[in-house]
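Please read the structure below before turning to the comments.
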Amino acid sequence: MQYQDVVELAKRRGIFWPSFEIYNGLSGFYDYGPVGALIKDNIINTWKYIFVELEQMALIDSPNINPEEVLDASGHTKVFTDYITYCERCGEAYRADELIKKKMPDYEFTTYDDMVKKIEELGIKCEKCGGNLSRPEKFNLMLSTKIGPGKGKTSYLRPETAQGIFINFLPYLRYFREKLPFGVVQVGKGFRNEISPRQSLLRLREFNMAEAEVFFDPEYLEWKGFFQDMMDQRVRLLTNRGEDVELRLGDALKKGIIKQQPIAYFIGLTFRFLKNIGIDTERIRFRQHHPEELAHYSKDCWDCEVETSNGWIEVTGIADRNQYDLKQHIEHSGADLYILKKLETPKNIKVKRFKGNEEKLKSIFGNEWERAKKYLESLEVTNNQIIFQGKRIPEDAYSIIEYDEKEEYTKEIPWVIEPSFGIDRILLSLLEHSLYTRENTGYKVLRLKPHISPYKVAVFPLMPKDGLDKEARDIERILRTENFNVYYDESGSIGKRYARADEIGIPYCVTIDYQTLKDGTVTLRERDTTQQERLGKDELPEKLRRLILKCLTSI
RNA sequence: GCGGGUGUAGUGUAGCGGUUAGCACAGGGGCUUCCCAAGCCUCUAACCCGGGUUCAAAUCCCGGCACCCGCACCA
């Protein structure tokens, strides 16, 4: 089924549509309608079932708005700002820093004026036509806002939910009783000021993501999850060396195609999640990033891609974020985002430590001097330059002291592996994989699994008269009190109502007919086969519950 | 952001200077012998927005916005 068919259905039946349409719309923003919001929640609930219930990760919720410091530390403010220059003759766009780097490989951005000067000095022209280039324009891919009155505090709408987890590493470490590994997950919105949002839910400026940050002892990267047979799972892998293979995850690990066990496990978990919600498993693959496309924080990354009529689209990224983020936050905040590891045999050692000079540090860091001191004194003594909050700590601001110590603990920065899911793209590809045309009749059916379907059961009186409607209303009420999401419809012919229900993916339809009034039985119709069975109305809740639960739990 | 294309009821479309803006499906009401978008009657409902040209604009021109296809971008 084509993407256009999904968009048409989505708009007509209340799944999703462009936001702000009465004010001409705004690119990159979409509403979920009454049906879509239910489907989206069901996808998220399934995700939570797997990550929170089964894998025992901790669900948290942190703010959408992040102060500048957080994103300075994470590297986003720097990496997310591009300078774009255009050819004044042919209009070609370039990233200014990339152009300079081609002539000066060791170029690092310092200031805007310096960048402009370098372009002039190096005589950089349009690569295509040799025309003059315009003054570079700043483009920040994060949306900013100000907090509080007056000038306000510069803040950004978060580009990922991950930072909200990293910065609270210590409370989560306590929650898990100081034992690694553990996972913390968050479902929420992320924001990016995309240059050109496209194709409905594929590239949004405000989007839904579900992320897990899993913290490991760097010397022991292994996730012993719920699924003991995970390494037997077969998946299709595209390596960054160009191999395209289908392998057991265990074999991929053995062969070194996947380097870390947790990445293999989470690839398998992603596969099973997508399979469970109804993505066509023949159209799932995992593609390893090439070194040059890795994010600034990442050393290795596998994208899960799903094939749609728009080609293979990235729906999940499983990234080795290593120690990058915690290290950055340690350096910028001075917080001790470490784990303590007890040594098996304590060592008597001579320890060299930095000892900060208060006066000097005060003169460099002002109010921040205590944090600077704490950071300085937490470091191993090396010859490296010491940087705190971007400023170098000069050698005359500290001394090195030496003393004997019994070392019982060693401290380390945990290692992070991150599976990150784009909910909107998953929903869009699921709709495309689920929509089909019924043979013979030619009308559309959305083959959603019962636990993903917006409504679990539709209730129809064969005709809205002769007491059939009252009986149907009674059954509807009973099903609602049994906690089913019920769709009641009595308008139009019975065939029309089945068709309407099929189109938004309702898996079961209960019809009340004249026999119901005599013996209390109803017909239960299954969507994809259209087969009906007759059963007592009292048996409905148990029967439906079993059918729905089975779909959620077969993973 | 660039180039090309497209914007007409809820959806899909016809109309291409003068139409009561047509059709189909969907939706509301009614009738009906009612279990897979059945039939009949009836009703509701649209020219993306803003300028301009013209006696007259859905139609031609310009600008905006949105969508589609390429290019670029996508941490």
Side-chain angles (χ1 to χ4, degrees), chain A residues 2-5 7-14 17-30 33 71 74-82 84-87 90-95 98 127-128 134 137 139-142 159-160 162 190 192-200 202-205 207 289 292-298 301 303 310 313-314 317 319 321 420 422 438 440-445 460-466 468 490-503 509-516 522-527 529-532 534:
Chain A
Q2 291 294 301
Y3 158 79
Q4 279 81 1
D5 299 311
V7 172
E8 184 265 318
L9 177 77
K11 202 166 181 184
R12 193 159 45 79
R13 295 304 308 271
W17 53 72
S19 301
F20 314 116
E21 274 208 307
I22 66 166
Y23 292 108
N24 288 325
L26 184 58
S27 200
F29 297 91
Y30 269 75
L71 297 157
S74 69
H76 286 91
T77 42
K78 195 173 164 199
V79 176
F80 266 56
T81 302
D82 286 345
I84 300 175
T85 176
Y86 300 95
C87 171
C90 72
E92 187 66 23
Y94 299 97
R95 275 189 39 192
E98 295 292 334
E127 288 179 352
K128 275 199 178 155
S134 67
E137 287 170 27
F139 189 83
N140 194 318
L141 292 116
M142 290 194 293
E160 58 175 5
R192 295 177 196 176
N193 197 7
E194 290 284 351
I195 297 170
S196 88
R198 280 283 169 86
Q199 288 157 328
S200 69
L202 214 59
R203 276 179 73 191
L204 296 169
R205 290 193 164 119
F207 52 95
H289 277 207
E292 68 276 11
E293 68 178 313
L294 287 170
H296 64 284
Y297 51 70
S298 174
C301 183
D303 278 349
N310 282 308
I313 64 172
E314 175 196 342
R321 294 186 75 135
S420 169
R438 177 96 72 204
N440 309 324
T441 61
Y443 69 87
K444 301 268 169 51
V445 183
F460 307 142
L462 188 60
M463 283 175 290
K465 62 178 189 184
D466 300 335
L468 293 176
E490 61 176 35
S491 83
S493 72
I494 188 70
K496 194 179 265 188
R497 283 178 267 157
Y498 285 140
R500 277 197 288 246
D502 289 346
E503 207 176 41
C509 295
V510 170
T511 301
I512 286 78
D513 57 14
Y514 288 103
Q515 197 179 329
T516 311
V522 296
T523 60
L524 181 66
R525 169 196 183 263
E526 198 278 329
R527 179 193 58 217
T529 58
T530 77
Q531 295 300 305
Q532 288 181 315
R534 204 157 185 108

**OP:** Taking salt bridge (Lys or Arg N to Asp or Glu O under 4.0 Å) as the test, write out the residues that go with A/Arg525, two or more places apart.
**Re:** A/Asp502

**OP:** Identify, with sequence neighbours excluded, every residue that meets side-chain contact (heavy atoms from CB on, under 4.5 Å) alongside A/Glu8.
**Re:** A/Arg12

Please write out the pairs of protein N or O atoms and N or O atoms of nucleotides 6-8 of chain B separated by less than 3.5 Å, giving the distance to one decimal.
none

Original post:
Base, sugar-phosphate alone, or nothing: which one does A/Pro159 contact when heavy atoms must sit under 4.0 Å apart?
Top reply: base

Original post:
Does A/Glu21 get its side chain close enough to the base of B/A66, under 3.5 Å, for a donor-acceptor pair?
Top reply: no

Subject >> Which nucleotide in B/A26, B/U11, B/C36 has an atom nearest any side-chain atom of A/Lys11 >> reply: B/U11

Subject >> Under the side-chain hydrogen bond (donor to acceptor under 3.5 Å, both in side chains) test, residues paired with A/Ser27 that sit two or more places apart >> reply: none

Subject >> Residues in salt bridge (Lys or Arg N to Asp or Glu O under 4.0 Å) contact with A/Lys496, at least two apart in sequence or another chain >> reply: none

Original post:
Mind checking what makes side-chain contact (heavy atoms from CB on, under 4.5 Å) contact with A/Ser200, not counting sequence neighbours?
Top reply: A/Tyr3, A/Val7, A/Phe16, A/Tyr30, A/Leu428

Original post:
Taking any strand in view, what nucleotide pairs with B/A24 in a Watson-Crick or G-U wobble way, both distances under 3.5 Å?
Top reply: B/U11

Original post:
Nearest to the side chain of A/Tyr498, which nucleotide is it out of B/U11, B/C73, B/C35?
Top reply: B/C35

**OP:** Hunt down the Watson-Crick or G-U wobble partner of B/C47, both distances under 3.5 Å, from any strand shown, or write none.
**Re:** none

Original post:
For the side chain of A/Thr530, counting heavy atoms from C-beta on, which of B/C36, B/C68, B/C69 is nearest?
Top reply: B/C36

Subject >> For atom CD of A/Glu8 and atom P of B/C68, their distance in whole Å >> reply: 15 Å

**OP:** Look at all strands and tell whether A/Arg438 reaches a base, only sugar-phosphate, or nothing, counting heavy atoms closer than 4.0 Å.
**Re:** nothing

Original post:
Per the atom types in the model, does the base of B/C35 pair as donor or acceptor with the side chain of A/Arg525 at under 3.5 Å?
Top reply: no

Original post:
With no angle test and no hydrogens, is the base of B/C25 tied to the side chain of A/Arg12 by a donor-acceptor pair under 3.5 Å?
Top reply: no

**OP:** Would you classify A/Asp513 as touching base, sugar-phosphate or nothing, given that sugar-phosphate means primed atoms plus P, OP1 and OP2, and contacts are heavy atoms under 4.0 Å?
**Re:** base

Subject >> Along RNA chain B (nearest heavy atom to each residue), the more 5'-positioned of A/Ser27 and A/Glu160 >> reply: A/Ser27

Subject >> Between P of B/C36 and CZ of A/Phe460, the distance in whole Å >> reply: 13 Å

Original post:
What string of B, S and - do you get for nucleotides 28-34 of chain B, 5' to 3', when a contact is any protein heavy atom under 4.0 Å?
Top reply: S----SB

Original post:
If you check the A/Tyr443 side chain, which of B/A37, B/C68, B/C74 turns out closest?
Top reply: B/A37

Subject >> Base-pairing assignment for B/U19 (Watson-Crick or G-U wobble, both under 3.5 Å) >> reply: none

Original post:
For A/Leu141, which residues count as a side-chain contact (heavy atoms from CB on, under 4.5 Å) partner, sequence neighbours excluded?
Top reply: A/Phe80, A/Asp82, A/Phe139

Original post:
Looking at B/C68, B/C69, B/C35, which one has an atom nearest to any side-chain atom of A/Asn310?
Top reply: B/C69

**OP:** With heavy atoms under 4.0 Å as the rule, sort A/Glu503 into base, sugar-phosphate or nothing.
**Re:** base

**OP:** Figure out the CZ/P separation between A/Arg534 and B/C35, and round it to whole Å.
**Re:** 12 Å

Subject >> Contacts of type side-chain hydrogen bond (donor to acceptor under 3.5 Å, both in side chains), residue A/Ser19, not counting sequence neighbours >> reply: A/Asp31

Original post:
Considering every strand shown, what is the Watson-Crick or G-U wobble mate of B/G3 when both distances are under 3.5 Å?
Top reply: B/C69

Under 3.5 Å, which protein N or O atoms sit close to an N or O of nucleotides 46-51 of chain B? Give each pair with its distance.
none

Original post:
Quick one: salt bridge (Lys or Arg N to Asp or Glu O under 4.0 Å) partners of A/Arg13, sequence neighbours excluded?
Top reply: A/Glu503

Subject >> For B/C40, the Watson-Crick or wobble counterpart (both distances under 3.5 Å) >> reply: B/G30

Original post:
Considering residues at least two apart in sequence or located in another chain, which fulfil the side-chain contact (heavy atoms from CB on, under 4.5 Å) criterion with A/Glu21?
Top reply: A/Lys11, A/Pro18

